[in-house]
Amino acid sequence: MIAPHIIGSLLLLAQSGAKPADTEVWQPVPPVVAVPATPSAPAPSDAIVLFDGTSLDQWTSTKDKGPAGWTVRDGVLTVRKGTGNIQTKRSFRNYQLHLEWRVPAGIVGEGQGRGNSGLFLASTGDGDAGYELQILDSYRNATYVNGQAASIYKQSPPLANPTRAPGEWQSYDVVWTAPVFAADGKLVSPAYVTVLMNGVLVQDHYALTGETAYIGAPRYTAHGPAPIKLQDHGDPSAPISFRSIWLRELK
């Protein structure tokens, strides 16, 4: 059964004629930057290791809050399609995060249908609620620029496109500053994010305008510390894999 508030939102969207394409931005296209392959980054001594290559003990399913149903094999975590998103058992505010991801060699498809997933920097609810850093194969793959890899989805295109070829590992290094809300729920300070992809600056202390919205404008809803979420997008092209996920909490 669909909740009444969701039905109301869908009715408003239908009445307004809003479409996903309304918030797609296609120009200017970020410059391509070639980057060499690099070794996996080990976790520093004060890090919280969220995935060490052996288990999903730090993660839970967003569908039923049970064990995360993705596949762990040979030190790699891979989306198991249809099992839903997974998120950390712990909640965080400000942090430094390292995460490595890969789309398989020989991936097919185009645009948003080629290796689509997402890293939600703060998960504020079930499904795709939260603030999404896009994961996508953007190696010689045209799409709207605020939806390519390293974009803050439907908000901020990356400053550059340093995506390596399919089959190679990509890295995200993120500094996240959580939004601050007053006791009455009003926004005091927005969320900020700095992101390096494969060692290249792609988001420079960007002030988010709200949580990710597929249709319509982003907006904030008051929340506290939140889990980090990885997306099972349902992309038919290929499952996405992850490794070396660690986090340092910041004040």
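Only heavy atoms go into these numbers, but all of them, side chains included; no hydrogens, no water, no symmetry mates.
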Side-chain heavy atoms nearer than 4.5 Å, only ILVMFWY residues, links allowed to pass through others: does that put L56 and L97 together? yes
More than 12 heavy atoms of other residues, nucleotides or ligands under 6.0 Å from CG of D74: is that the case? no
Answer with yes or no whether the side chains of Q155 and T212 bring together a donor and an acceptor at under 3.5 Å. no
Evaluate the side-chain proximity of V193 to V175: yes if any heavy-atom separation is below 4.5 Å, no if none is. no
Decide, yes or no, whether a salt bridge links K65 with D126 under the criterion of side-chain N to carboxylate O below 4.0 Å. yes
NZ (K63) and OG1 (T83) are apart, to the nearest 0.5 Å, by 6.5 Å
Spatial distance of atom NZ (K229) from atom CG (L121) [nearest 0.5 Å]: 11.0 Å
Under 3.5 Å, is there a donor on one side chain and an acceptor on the other for T60 and K89? no
I228 side, atom CD1; W59 side, atom CH2 - distance, nearest 0.5 Å: 6.5 Å
Any side-chain heavy-atom pair from P190 and L208 closer than 4.5 angstrom? no
Check for me, please, whether F92 and I152 land in the same ILVMFWY cluster - side-chain distances under 4.5 Å, paths through other members count. yes
Report, as yes or no, whether the 6.0 Å neighbourhood of atom CZ on R80 holds more than 12 heavy atoms from other residues, nucleotides or ligands. no
Would L136 and Y139 count as a side chain to side chain contact (heavy atoms under 4.5 Å, CB included) here? Give the steps. CA-CA 9 Å; L136 188 76; Y139 184 80; over 6 Å; no
In terms of relative ring orientation, are H223 and Y131 parallel, tilted or perpendicular, with 30° and 60° separating the classes? tilted
How about Q87 and S123: does a side-chain donor come under 3.5 Å of a side-chain acceptor? yes
Audit row: I86, L77, side chain to side chain contact (heavy atoms under 4.5 Å, CB included) steps and yes/no: CA-CA 11 Å; I86 64 172; L77 168 64; 4.3 Å; yes
Are E211 and T221 close enough that a side-chain donor and a side-chain acceptor fall under 3.5 Å? no
For atom CD of E110, is the number of surrounding heavy atoms from other residues, nucleotides or ligands below 6.0 Å larger than 12? no
Is the shortest side-chain heavy-atom distance between T38 and N198 below 4.5 Å? no
Going hydrophobic residue to hydrophobic residue with side-chain gaps under 4.5 angstrom, can you get from V174 over to V200? no
Beyond-backbone contact of I135 with W101, side-chain heavy atoms, under 4.5 angstrom: yes
For the residue pair D173 and Q96, confirm or rule out a side-chain donor-acceptor distance under 3.5 Å. no
Can you name the nearest heavy-atom pair linking E100 to S171, along with the distance? CG-CB, 4.1 Å
Are any of the side-chain heavy atoms of L187 and F181 separated by less than 4.5 Å? yes
Can you see whether Q112 engages T143 through a side-chain donor-acceptor pair at a distance of less than 3.5 angstrom? yes
Are a donor atom and an acceptor atom from the side chains of S40 and W169 found within less than 3.5 Å of each other? no
How about M197 and P158: do any of their side-chain heavy atoms sit closer than 4.5 Å? no
Does S138 form a side-chain hydrogen bond (donor to acceptor under 3.5 Å, both in side chains) with T163? I'd like the steps, not just the answer. CA-CA 6 Å; S138 289; T163 311; 4.7 Å; no
Single-linkage hydrophobic cluster V79~V72, side-chain heavy atoms < 4.5 angstrom: yes
Taking V202 as the starting point, is it possible to reach Y192 by hopping between hydrophobic residues whose side chains are less than 4.5 Å apart? no
Return the CG to CG distance between L99 and L247, rounded to the nearest 0.5 Å. 11.0 Å
Could you tell me whether the side chain of Q231 reaches within less than 4.5 Å of the side chain of N116, counting heavy atoms only? yes
Can you find a heavy atom in the side chain of S151 that is under 4.5 Å from one in the side chain of E132? no
